[in-house]
Chemist: 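One structure is given below, represented as structure tokens, and several questions about it will come after.
Lettering of chains follows the sequences in order, A, B, ..., and the numbering in each one begins at 1.
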Amino acid sequence: MTDIRVRFAPSPTGELHIGGARTALFNWLFARNRGGKMVLRIDDTDKQRSSPEFLNSIITSMKWLGLDWDEGPERGGDYGPYLQSERLDLHRAEAQKLVNEGKAYYCFCTAEELTAEKENKRLQGLPPRYSGKCRYLSLEESEDKKAANSFVIRLLVPEEGETVVEDLIRGPVVFENKIFDDFIIMKSDGLPTYNFASVIDDYKMEITHVIRAEEHLSNTPRQQIIARQLEYKLPLYAHVPMILAPDHSKLSKRHGATSVQEYREMGILPEALINYLALLGWSPGEDREIMNIDEIIDSFSLEKVSKNPAIYDLKKLIWLNGHYLRTIDLRTVVQRVLPFFKDNEHLSKTMNSYQEVFLNETMEKVVDLVRDRVKTLREVVEASDYFFQDDFSYDEKGVEKHFRKKSTGDILNQIFNTLETVEPFQASRIKEELEKLSQRLNVPLAQINLPTRLAITGRTMGPELFDIISFLGRDRVLERLKRAKELFTFA
RNA sequence: GGCCCCUUCGUCUAAUCGGUGAGGACACCAGCCUUUCAAGCUGGCAGCAGGGGUUCAAAUCCCCUAGGGGUCACCA
């Protein structure tokens, strides 16, 4: 049995979006599950829209997700080059071969002629197919015209019979050959079209399974026709369902965050995104949702990929992210969240004054305190500001609720006194003393804790109060209590 | 418009060869826990697109209709 080889072949004309990422993931999972090879090929034959920046960003995204490749850019391999644009000689040779064998021909029709023709057909209610006008030019005639005219190469498509795509996910899909016209395989700029290049490269790279999005299903018979004319053995095909936006339309920038980079910047963890993406269009067949990458690899199979398109749901991704945020190793979370702190102008200044070791220690404590109550790395930062800066603002509703009664002012004084003397200054002791205070004053503990929390954090919600107090230390706590007393009128 | 694919709670999905009170997860709601907010736990709401067949029996097989998506580029 031949070894399994799959490929992910993005075109560098945009960022890697979640649809592409999911396709890459399924290819990768299939390869890893079956002990096959994952090939990364860059389909950059659209020289207008392709750019090295996008190539870079796609590679960055894949690495971030942990989707590595056995052959491709930066890694090399025996089937290179892996940039489609560098395989041009190969494509040209194959095209020439088809022309020589009479299976393809030169076409000199201009773009204007073709659009006019199509418009005409459309008005008559006919399908907009190419007429086949240049089909019967002799090779000699064509050679003459080539010097003075721009041209494309079209494949001579048989009109009889049918082409069947044996799809691993959908079963056999039948297409009548008569619906295809003589489509272009080499463009007038001398570059191959996607359908042509991709067939050649898949074959030459010995790809065994072509796993790609369903939007390619309708193009597959064309590719099979090309392969047949080239006398290639066909790969196996699996068309995975598309990922749609919440409004059921095809994914695009106007739908908010769709690229992997955006999720990354939002503070989504790669573990969460992988888990979430795996669940879009695939399920292990049991009631399991949270799975680490090894578990996903183990249970992955193309048979369990569903046929229907999936609409992505940000809420579920965020939920999963929250899960991973509080489950994975604390140090890892700290490493991941550090860049987000550095992005925050206000906080980065304070943090720059910290020493590296102290910073890590501090961050571990802070992250440990807040990560249970937030869902993204970005929110970790938002929830931590008062740990690093003293001039925070106070929640308005909280102020109305807790800082308006004279009795609260008195209680705050008592709290101040208690915290001034409590020894040692640690969470459990502080808790004891404040509980005692509540008994002594005969007020519910909440009447002590809520105003204290507001005074020292500016917020009405957050981590365990006693932990915050002990973390901040006596001086800063007392200072903040004093400031709250001065800032607000308790009457 | 032609062709192709798809159709189970709002969303992601499960349901070996037809027999299930149609299961799970997110979201939502309620309760518990509790110093707040979360988390966690418990419970609730909610679905087989519609119509015909086949069958003792259909979410599951067949047909039709409707809806959604894709594709028909010198984009990939």
Chemist: Check this for me, if you would: do A/D202 and A/R41 make a salt bridge, where the nitrogen-to-carboxylate-oxygen distance has to be below 4.0 angstrom?
Modeler: yes
Chemist: Between B/C12, B/G70, B/U11, which nucleotide gets closest to the side-chain atoms of A/M242?
Modeler: B/G70
Chemist: Under the side-chain hydrogen bond (donor to acceptor under 3.5 Å, both in side chains) test, which residues partner A/D313, sequence neighbours left out?
Modeler: none
Chemist: With both distances under 3.5 Å as the test, what is the Watson-Crick or G-U wobble partner of B/U34?
Modeler: none
Chemist: Enumerate the side-chain hydrogen bond (donor to acceptor under 3.5 Å, both in side chains) contacts for residues 155-169 of chain A, please, sequence neighbours excluded, ordered by first and then second residue.
Modeler: A/T163-A/N177, A/T163-A/R228, A/D167-A/H239
Chemist: Taking a pair as Watson-Crick or G-U wobble with both distances under 3.5 Å, which nucleotide is matched to B/G67?
Modeler: B/C6
Chemist: Roughly how many Å is it from CD1 in A/I42 to C1' in B/A76, rounded to a whole number?
Modeler: 12 Å
Chemist: Any side-chain N or O of A/K178 under 4.0 Å from OP1/OP2 of B/G2?
Modeler: no
Chemist: Using the test salt bridge (Lys or Arg N to Asp or Glu O under 4.0 Å), find all partners of A/E382 that sit at least two apart in sequence or belong to another chain.
Modeler: none
Chemist: Without decimals, in angstroms, what is the distance between A/D202 CG and B/A76 P?
Modeler: 14 Å
Chemist: Whole angstroms only, please: what is the CZ-P distance between A/F180 and B/G2?
Modeler: 16 Å
Chemist: In whole angstrom, give the distance that lies between atom CG of A/L279 and atom C1' of B/G24.
Modeler: 11 Å
Chemist: When both hydrogen-bonding distances must be under 3.5 Å and the geometry is Watson-Crick or G-U wobble, what is B/A57 paired with, if anything?
Modeler: none
Chemist: Just compare B/G24, B/C74, B/U11 and give me whichever is closest to any side-chain atom of A/I184.
Modeler: B/C74
Chemist: Just do the ring-ring contact (aromatic ring centres under 6.0 Å, His included) check on A/W282 and A/F300 with the steps written out, would you?
Modeler: CA-CA 8 Å; A/W282 173 83; A/F300 187 82; 5.6 Å; yes
Chemist: What contact category does A/C109 fall into here, base, sugar-phosphate, or nothing, at under 4.0 angstrom with non-hydrogen atoms?
Modeler: base
Chemist: Is A/K250 close enough to B/U71 that one of its side-chain N or O atoms is under 4.0 Å from OP1 or OP2 there?
Modeler: yes
Chemist: Side-chain N or O of A/T13 less than 4.0 angstrom from OP1 or OP2 on B/C75?
Modeler: no
Chemist: Say we look at B/C12 and B/G53: how far apart would their C1' atoms be, to the nearest angstrom?
Modeler: 33 Å
Chemist: If you pin A/E435 and A/F151 to their nearest nucleotides in RNA chain B, which one's is more 5'?
Modeler: A/E435
Chemist: Given B/U71, B/A73, B/C12, which nucleotide is nearest the side-chain atoms of A/R222?
Modeler: B/U71
Chemist: Report the residues that fulfil ring-ring contact (aromatic ring centres under 6.0 Å, His included) with A/Y203, sequence neighbours left out, ordered by chain and then residue number.
Modeler: A/Y232
Chemist: To the nearest Å, give me how far apart CD1 (A/I311) and C1' (B/U13) are.
Modeler: 13 Å
Chemist: For A/Y276, enumerate each residue passing the ring-ring contact (aromatic ring centres under 6.0 Å, His included) test, keeping only those at least two apart in sequence or located in another chain.
Modeler: none
Chemist: Let me spell it out: for each of A/F466 and A/E215, pick the nucleotide of RNA chain B with the closest heavy atom. Which residue's pick is nearer the 5' end?
Modeler: A/F466
Chemist: Is any side-chain heavy atom of A/N292 closer than 4.5 Å to one of A/E271?
Modeler: no
Chemist: Using the C1' atom in both, what is the distance from B/A30 to B/C45, to the nearest Å?
Modeler: 11 Å
Chemist: Quick one: salt bridge (Lys or Arg N to Asp or Glu O under 4.0 Å) partners of A/E86, sequence neighbours excluded?
Modeler: none
Chemist: Could you list the residues that satisfy ring-ring contact (aromatic ring centres under 6.0 Å, His included) with A/F151, not counting sequence neighbours?
Modeler: A/Y106
Chemist: Under 3.5 Å between N/O atoms: give me all the protein pairs with nucleotides 3-9 of chain B, atom names plus distance.
Modeler:
residue	atom	partner	partner atom	Å
B/C5	O2'	A/R170	NH1	2.5
B/C5	O2'	A/E214	OE2	3.4
B/U8	OP2	A/N308	ND2	3.4

Chemist: On a whole-Å scale, what distance lies between the C1' atoms belonging to B/U7 and B/U60?
Modeler: 14 Å
Chemist: Where along residues 43-58 of chain A does a heavy atom fall under 4.0 Å from RNA chain B?
Modeler: A/D43, A/T45, A/D46, A/R49
Chemist: Roughly how far apart, to the nearest Å, are B/A22 and B/A59 at atom P?
Modeler: 9 Å
Chemist: Who is the Watson-Crick or G-U wobble partner of B/C72, with both distances under 3.5 Å?
Modeler: B/G1
Chemist: Within 45° of the axis and under 6.0 Å from the centre of the six-membered ring of A/F26, does NZ or CZ of A/R22 qualify?
Modeler: yes
Chemist: For A/S306, report the nucleic acid contact type (base, sugar-phosphate, nothing); a contact means any heavy atom under 4.0 Å.
Modeler: sugar-phosphate
Chemist: Check each of A/K397, A/R404, A/H402 against A/E400 using the side-chain hydrogen bond (donor to acceptor under 3.5 Å, both in side chains) test, and report the only one that passes.
Modeler: A/R404
Chemist: Please name the nucleotide paired to B/C17 by Watson-Crick or G-U wobble geometry with both distances under 3.5 Å, or report none.
Modeler: none
Chemist: Which pairs count as salt bridge (charged side-chain N to carboxylate O under 4.0 Å, His left out) when at least one residue sits in residues 190-200 of chain A, sequence neighbours excluded?
Modeler: none
Chemist: What interatomic distance, in whole Å, is found between P of B/C3 and the corresponding atom of B/A46?
Modeler: 41 Å
Chemist: Between A/Q223 (CD) and B/A73 (C1'), how many Å, whole number?
Modeler: 15 Å
Chemist: Please identify each residue that fulfils ring-ring contact (aromatic ring centres under 6.0 Å, His included) with A/F471, with sequence neighbours left out.
Modeler: A/F387
Chemist: Taking the P atom in each of B/A25 and B/U65, what is the distance between them to the nearest angstrom?
Modeler: 39 Å
Chemist: Suppose you measure atom P in B/G68 against the same atom in B/G52; what distance do you get, rounded to whole Å?
Modeler: 23 Å
Chemist: Rounded to whole angstrom units, what separation is found between the CD atom of A/Q447 and the P atom of B/U36?
Modeler: 13 Å
Chemist: Looking for any heavy atom pair under 4.0 Å, which part of the strands does A/H239 touch: base, sugar-phosphate only, or nothing?
Modeler: nothing
Chemist: For A/G281, report the nucleic acid contact type (base, sugar-phosphate, nothing); a contact means any heavy atom under 4.0 Å.
Modeler: sugar-phosphate
Chemist: Rounded to whole Å, please give me the gap between CG in A/D287 and C1' in B/G24.
Modeler: 4 Å
Chemist: One character per nucleotide, please: for nucleotides 37-42 of chain B, 5' to 3', B when the base has a protein heavy atom closer than 4.0 Å, S when only the sugar-phosphate does, - otherwise.
Modeler: BBSS--
Chemist: I'd like to know if the side chain of A/R154 and the backbone of A/D182 have a donor-acceptor N/O pair within less than 3.5 Å.
Modeler: yes
Chemist: Expressed in whole Å, how much space separates the C1' atoms belonging to B/C41 and B/C5?
Modeler: 43 Å
Chemist: So which nucleotide does B/G43 pair with, by the Watson-Crick or G-U wobble rule with both distances under 3.5 Å?
Modeler: B/C29
